[in-house]
**Student:** 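Submitted below is the structure of interest, expressed as structure tokens.
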Amino acid sequence: MKAETKIISRLWTTDAREKHLPITINPPVYRGSTVLFDNFEDMVLAGKGQYAGPTYGTDRFPVQRCMEEAMRELEGGFITRIFPSGISAIQNFFYAFSKSGDHILIVDNAYGPGVRFCKKILSKFNIETTFVPSSVAEDIEKYIRPDTVLILLESPGSNTFEIQDIPAVAAIARKHGIITALDNTWATPLYLNPFTLGVDISIQAVSKYISGYSDVLMGAVTVNERYGHILDTYYSTTETYTPDNDCYLALRGMKTLPTRLRQHEQSALQVAAWLEKHGNVDTVIHPALPSHPEHHLWQRDFSGSSGLFAFTLKKDYSMEELGLFIDKLNQFDLGYSWGGYKSLLTAAKQRRNSPSRFAGKTIIRLSIGLEGVEDLILDLEQGLEMLP
Ligand SMILES: Cc1ncc(COP(=O)(O)O)c(C=O)c1O
């Protein structure tokens, strides 16, 4: 069955039919702290942890459960838990799977606030972080210590797009009994399946492509069977939950993910090909282009590319000069996040902990939206003419 059919055909109707509730195509949203039990016996069962449904407002209402099940199925994992943002998913993943005295490894192109969390917060709990090169492969082994417990990959990185050799890292990690996790936001589970590559935990910033409309903050952590119990226990013990309204929007957005992603992919490839021929452009950084240094890994492991990529310019323009180009754009708005229907742009100099092919370079990152691609190209053309 095609991914789009699978995603659309999975509805909440089984539950509704069993309970004789009105059946709408999308599940109903609940608001509440207290959940009422039919009788005392049910309350006693809830107290023993043996009641089947939600027992309290923090106990994952139906839309959250549907969203988690849809994500789990898409990722091909064992269980999924939803968090109130992508960064919250990353932070809680660290809390759930590491403890005081542990050592963790993170790729140097990982999402900045996640890196900051390790440096500023995990260090307070005596958890030490080492950053490994963004295109790490078997050489991960030289960073492993007896106290290393987990490795967080992000492939490609969401600013500089280096790709890691995921199966090579996962195989070495498994040999040492270390957990491998991957921030899979760029590819989504549609274009990369982390579990078939040996990864144990997949993290998604649902805020991007999965929800798709830039109106939800959400993250998801999906684990394989080996780590299901740890995630489930952590989640229910911390009484983390995500409001039903957000789960509703994310689940609704997910129904159109395959169709949207295909368009993001095609438009981004067209814009990237056009930029590669532009006289002012130095490098177009897009894993699906043969010019990308790890293109062979992308070809081997991924089944598609999304709409986020970057480029650098030949001259080292000042921020004022760059502003002449960027502020001239009509179709690319300036804002953080990506993966929505609206095209966005960010530009910043790269700072790294380890040597990088982009050290000191200004990376101009485009999130290609669902506008007409001809209009996006015309817009970039007239904007780039403003550069001195
Ligand atoms: C790769 C990646 N992971 C995680 C996040 C965090 O997601 P959120 O914005 O929902 O906190 C982002 C946000 O930009 C991201 O780019």
Side-chain angles (χ1 to χ4, degrees), residues 64 67-68 71 75 80-95 106-118 121 131 134 151-164 166 181-192 194 199 201-222 240-243 245-247 249-251 253-254 257 261 264 268 285-287 298 302 305-310 333-340 342-348 350-352 363-369:
Q64 177 168 351
M67 177 64 199
E68 289 175 348
M71 271 306 301
E75 292 267 29
T80 297
R81 290 292 176 265
I82 298 289
F83 295 86
S85 66
I87 187 62
S88 166
I90 294 170
Q91 293 168 353
N92 280 285
F93 147 75
F94 283 125
Y95 281 138
I106 304 187
V107 279
D108 204 8
N109 61 356
Y111 180 57
V115 168
R116 262 204 309 277
F117 177 77
C118 295
I121 309 294
F131 296 95
S134 314
I151 301 170
L152 176 63
L153 306 175
E154 185 179 313
S155 187
S158 57
N159 274 312
T160 42
F161 304 93
E162 299 94 339
I163 293 192
Q164 293 110 51
I166 301 168
L182 173 75
D183 183 330
N184 192 27
T185 306
W186 182 85
T188 84
L190 290 183
Y191 289 164
L192 183 91
V199 167
I201 300 178
S202 177
I203 300 174
Q204 276 288 332
V206 175
S207 320
K208 321 295 182 207
Y209 288 116
I210 307 265
S211 66
Y213 294 85
S214 310
D215 53 0
V216 176
L217 280 162
M218 188 179 291
V221 176
T222 303
T240 309
Y241 74 102
T242 306
N245 274 334
D246 288 348
C247 293
L249 289 173
L251 190 60
M254 191 198 269
L257 172 67
L261 201 58
H264 285 295
I285 316 165
H286 189 311
W298 174 80
F302 294 70
S305 56
S306 62
L308 189 78
F309 70 97
D333 282 318
L334 302 181
Y336 298 117
S337 202
W338 45 280
K342 178 84 202 72
S343 288
L344 295 173
L345 178 149
T346 58
Q350 288 308 296
R351 274 179 251 114
R352 278 294 162 75
I363 305 276
I364 301 169
R365 189 185 77 170
L366 303 179
S367 174
I368 300 295

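Order of appearance sets the numbers: ligands from 1, and atoms from 1 within every ligand. The analysis underlying the following values was restricted to heavy atoms, covering all of them including side chains, and did not include hydrogens, waters or symmetry mates. Position 1 is the first residue of the sequence; numbering continues from there.
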**Student:** Among protein heavy atoms, which lies nearest atom 9 (O) of ligand 1, and at what distance?
**Tutor:**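 The answer is Lys208 NZ, 3.1 Å.
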
**Student:** Taking the side chain as C-beta and beyond, is there a heavy-atom pair between Leu257 and Ile210 under 4.5 Å?
**Tutor:**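 The answer is yes; the side chains approach within 4.5 Å.
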
**Student:** Ser367 side chain to Ser343 main-chain N or O, any donor-acceptor pair under 3.5 Å?
**Tutor:**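 A pair under 3.5 Å: no.
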
**Student:** Counting only heavy atoms closer than 4.0 Å, does ligand 1 sit against the backbone of Ile87, its side chain, both, or neither?
**Tutor:**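 Both the backbone and the side chain of Ile87 come within reach of ligand 1.
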
**Student:** Just wondering, are more than 12 heavy atoms of other shown residues or ligands nearer than 6.0 Å to CZ in Phe131?
**Tutor:**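 Yes - once you tally the heavy atoms of other residues, nucleotides and ligands closer than 6.0 Å, there are more than 12.
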
**Student:** Testing the 3.5 Å rule here: is there a donor-acceptor pair between the side chains of Trp186 and Ser306?
**Tutor:**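 Present: a donor and an acceptor within the cut-off.
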
**Student:** Among all the protein's non-hydrogen atoms, which is closest to atom 2 (C) of ligand 1, and how far away is it?
**Tutor:**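 It is Asp183 OD2, 3.5 Å.
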
**Student:** Atom 16 (O) of ligand 1: which protein heavy atom is closest, and how many Å away?
**Tutor:**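 For this ligand atom, the closest protein heavy atom is Trp338 NE1, 2.9 Å.
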
**Student:** Within the 4.0 Å heavy-atom shell around Glu154, which atoms of ligand 1 are there?
**Tutor:**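 Within the 4.0 Å cut-off of Glu154, ligand 1 contributes 1 (C).
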
**Student:** Looking only at atom types and distance, does a side-chain atom of Tyr213 sit under 3.5 Å from a main-chain N or O of Leu249, one as donor and one as acceptor?
**Tutor:**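 No: the side chain of Tyr213 does not pair with the backbone of Leu249.
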
**Student:** Between Phe93 and Phe117, is the ring centroid distance below 6.0 Å?
**Tutor:**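 Ring centres of Phe117 and Phe93 not closer than 6.0 Å.
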
**Student:** Would you mind running through ligand 1 and noting each atom that sits below 4.0 Å from a heavy atom of Ser158?
**Tutor:**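 That gives atoms 1 (C), 16 (O) of ligand 1.
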
**Student:** Show the atoms of ligand 1 that are less than 4.0 angstrom away from any heavy atom in Gly86.
**Tutor:**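 This gives 6 (C), 7 (O), 8 (P), 10 (O), 11 (O) as the contact atoms.
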
**Student:** Among all protein heavy atoms, pick the one closest to atom 6 (C) of ligand 1 and tell me residue, atom and distance.
**Tutor:**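 Result: Tyr111 CE2, 3.3 Å.
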
**Student:** Are Ser211 and Asp215 linked by a side-chain donor-acceptor pair shorter than 3.5 Å?
**Tutor:**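 The criterion, which ignores hydrogens and geometry beyond distance, is not satisfied for Asp215 and Ser211.
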
**Student:** Among all protein non-hydrogen atoms, which one is nearest to atom 10 (O) of ligand 1, and what is the separation to 0.1 Å?
**Tutor:**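 Among all protein heavy atoms, the one nearest atom 10 (O) of ligand 1 is Ser207 OG, 2.5 Å.
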
